[in-house]
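Remember, it's 1-based here, ligands and their atoms both numbered in the order they're listed. Residue indices begin at 1 and follow the sequence shown.
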Amino acid sequence: MNIKKIGIIGAGTMGGGIAQVAAQSGYEVVLEDVSEEYVRIGFAKIKERLEKRVVEGKIERIEKDRIISNIKTTASLEGCKDADLIIEAVVEKEDIKKQIFKELDAICPKESIFTTNTSSISITGLAQVTERYEQFAGMHFMNPAYVMKLVEVVRGLRTSDETISMIMTVAEKMKKIPVVVNDSPGFVSNRVLMPMINDSIYCLHEGVASRENIDSIMKLGANHPMGPLELADLVGLDICLDVLEVLYADLEEKYRPCPLLRKMVAGGKLGRKSGEGFYEYRK
Ligand code: 3HC
């Protein structure tokens, strides 16, 4: 199948970033979210980022207009029913994702491929709510999706080789580097990354060092582009907690989320998106 049209479910940070990347690569994109308001906000952020690129002289205005014209928006899953490829990027809640895939399975053509940008939830389990488990896989983009090179392609228990190959082709057309892994909690990326973030929160919680010193140590000592606490704020503390809960439930004690992380999420300190996390951000 020649993939031309991509339906992206969820217009938040990840969905919006993926939509931009797909549209830049010449795909027809339908960006969906549950309300007109959410889709409008998500689309406005894409336009804002592209306008900044024009002002900085990184792209021509005509190029910005071309990218924007590749994106249509909708507040209904019906709007994505003729997509060749679905990339789901909604909140990290298994029941919500399952409900979406169930609905899409009923309205999309048999041959279209379903993927999820989940950070940790079982691909095999999500695929089971559909009749197309061979055409179902993980397509895990990193944040910010328009900058980071990796797409972690996750093979579920029954994903076909053909599906993996088609997804790799799409990721490459998006100028990303796809790397295939098998389905397992947190895959490779978050199974390795999240314990580091969690341990850095424990260091802060136990008074081992200040937030700035924890971040400086990893930037200066391990050459990370940003410190783990800054990174947690970028990813979203709620997402970090959701991923750690899956790892903790399915793997071992060492993934137990730090009480400080739980407290911050409960108190609405979610990182950049809420204006405050380990650091403060101007809205
Ligand atoms: N569209 C396209 N390209 C853009 C862009 C946009 N809107 N905005 C920036 N870029 C390009 C820039 O032009 C630049 O490219 P160039 O070097 O060719 O000019 C490049 O992207 C980097 O942009 P910036 O200069 O703005 O970025 P910084 O150098 O300040 O780095 C950062 C910012 C990329 C966020 C860097 O700090 C970093 O890599 N941090 C770590 C991020 C990370 O680890 N992400 C993974 C998180 S885990 C995850 O997502 C998994 C999930 O499941 C939880």
Give a yes/no on ligand 1: does His224 have at least one heavy atom closer than 4.0 angstrom to it?
-> no

Heavy atom of protein inside 4.0 Å of atom 32 (C) of ligand 1, strictly below | no

Please write down residue, atom name and distance for the protein heavy atom closest to atom 16 (P) of ligand 1.
-> Lys58 NZ, 5.0 Å

Among all protein non-hydrogen atoms, which one is nearest to atom 1 (N) of ligand 1, and what is the separation to 0.1 Å?
-> Gln20 NE2, 2.9 Å

Measuring from the heavy atoms of His140, does anything fall under 4.0 Å of ligand 1?
-> yes

Top protein contact for atom 44 (O) of ligand 1, by heavy-atom distance | Leu231 CD1, 3.5 Å

Going from CG on Asn182 to CZ on Phe187, what distance comes out if it is rounded to the nearest 0.5 angstrom?
-> 11.0 Å

Output the list of atoms in ligand 1 that are nearer than 4.0 Å to some heavy atom of Leu193, sorted by atom number.
-> 48 (S)

Is_contact(atom 8 (N) of ligand 1), protein non-hydrogen, under 4.0 Å | yes

Would you name the heavy atoms of Gln135 and Lys110 that are closest together and state the gap between them?
-> NE2-O, 2.8 Å

Under 4.0 angstrom from atom 24 (P) of ligand 1, is there any protein heavy atom?
-> no

Does Phe136 offer a backbone N or O that forms a donor-acceptor pair with the side chain of Thr159 under 3.5 Å?
-> yes

The atoms of ligand 1 lying under 4.0 Å from a heavy atom of Met226, numbered in the order shown, are 37 (O), 40 (N), 41 (C)

Spacing of CD1 belonging to Ile46 relative to NZ belonging to Lys64, to within rounding of 0.5 Å | 11.5 Å

Minimal non-hydrogen separation, Ile8 against Ala19, with atom names | CD1-CA, 3.4 Å

Where the side chain of Asp215 meets the backbone of Leu229, is there a donor-acceptor pair that is under 3.5 Å apart?
-> yes

Top protein contact for atom 6 (C) of ligand 1, by heavy-atom distance = Tyr146 CD1, 3.2 Å

Side chain, backbone, both or neither: which part of Asn190 has a heavy atom under 4.0 Å from ligand 1?
-> side chain

Protein residue, atom and distance nearest to atom 36 (C) of ligand 1, heavy-atom basis = Pro225 CB, 4.0 Å

Could you tell me whether the side chain of Gln128 and the main chain of Gly125 form a donor-acceptor pair under 3.5 Å?
-> no

Determine if the distance from atom 18 (O) of ligand 1 to the closest protein heavy atom is below 4.0 Å.
-> no

Protein heavy-atom partner closest to atom 34 (C) of ligand 1 - residue, atom, separation in Å = Val147 CG1, 3.7 Å

With a cut-off of under 6.0 Å to the ring centre and 45° to the axis, is Arg211 in cation-pi contact with Phe278?
-> no

Side-chain donor-acceptor pair present, Arg132, Ser112, cut-off under 3.5 Å | yes

In terms of atom number and element, which parts of ligand 1 are under 4.0 angstrom from non-hydrogen atoms of Asn143?
-> 42 (C), 43 (C), 45 (N), 46 (C), 47 (C), 49 (C), 50 (O)

Of Ser119, Ser120, Pro144, Gly236, the one whose closest heavy atom lies nearest atom 35 (C) of ligand 1 is Pro144

Donor on one side chain, acceptor on other, Asp242 and Ser119, under 3.5 Å = no

Who gets closest to atom 43 (C) of ligand 1 by heavy atom: Met148, Met142, Lys219?
-> Met148

Check: Tyr38 main-chain N/O paired with Asp33 side-chain donor or acceptor under 3.5 Å | no

Any donor-acceptor N or O pair under 3.5 Å, side chains Glu32, Thr74 = no

So the atoms of ligand 1 within less than 4.0 Å of a heavy atom of Val235 turn out to be 47 (C), 48 (S), 54 (C)

Under the 3.5 angstrom rule, does the side chain of Thr124 hit a backbone N or O of Leu157 as a donor-acceptor pair?
-> yes

Would a search of protein heavy atoms around atom 50 (O) of ligand 1 find one under 4.0 Å away?
-> yes

So, for atom 27 (O) of ligand 1, does the protein have a heavy atom nearer than 4.0 Å?
-> no

Looking just at side-chain N and O atoms, do Tyr27 and Asp84 make a donor-acceptor pair shorter than 3.5 Å?
-> no

Mark whether atom 13 (O) of ligand 1 lies under 4.0 angstrom from at least one protein heavy atom.
-> yes

Heavy-atom protein neighbour under 4.0 angstrom from atom 40 (N) of ligand 1 | yes

Look at the side chain of Lys72 and the backbone N and O of Ser69, then say whether any donor-acceptor pair between them is shorter than 3.5 Å.
-> yes

of all protein heavy atoms, closest to atom 15 (O) of ligand 1 is Arg53 NH1, 4.8 Å

Can you list the atoms of ligand 1 that are under 4.0 Å from a heavy atom of Arg49?
-> 7 (N)

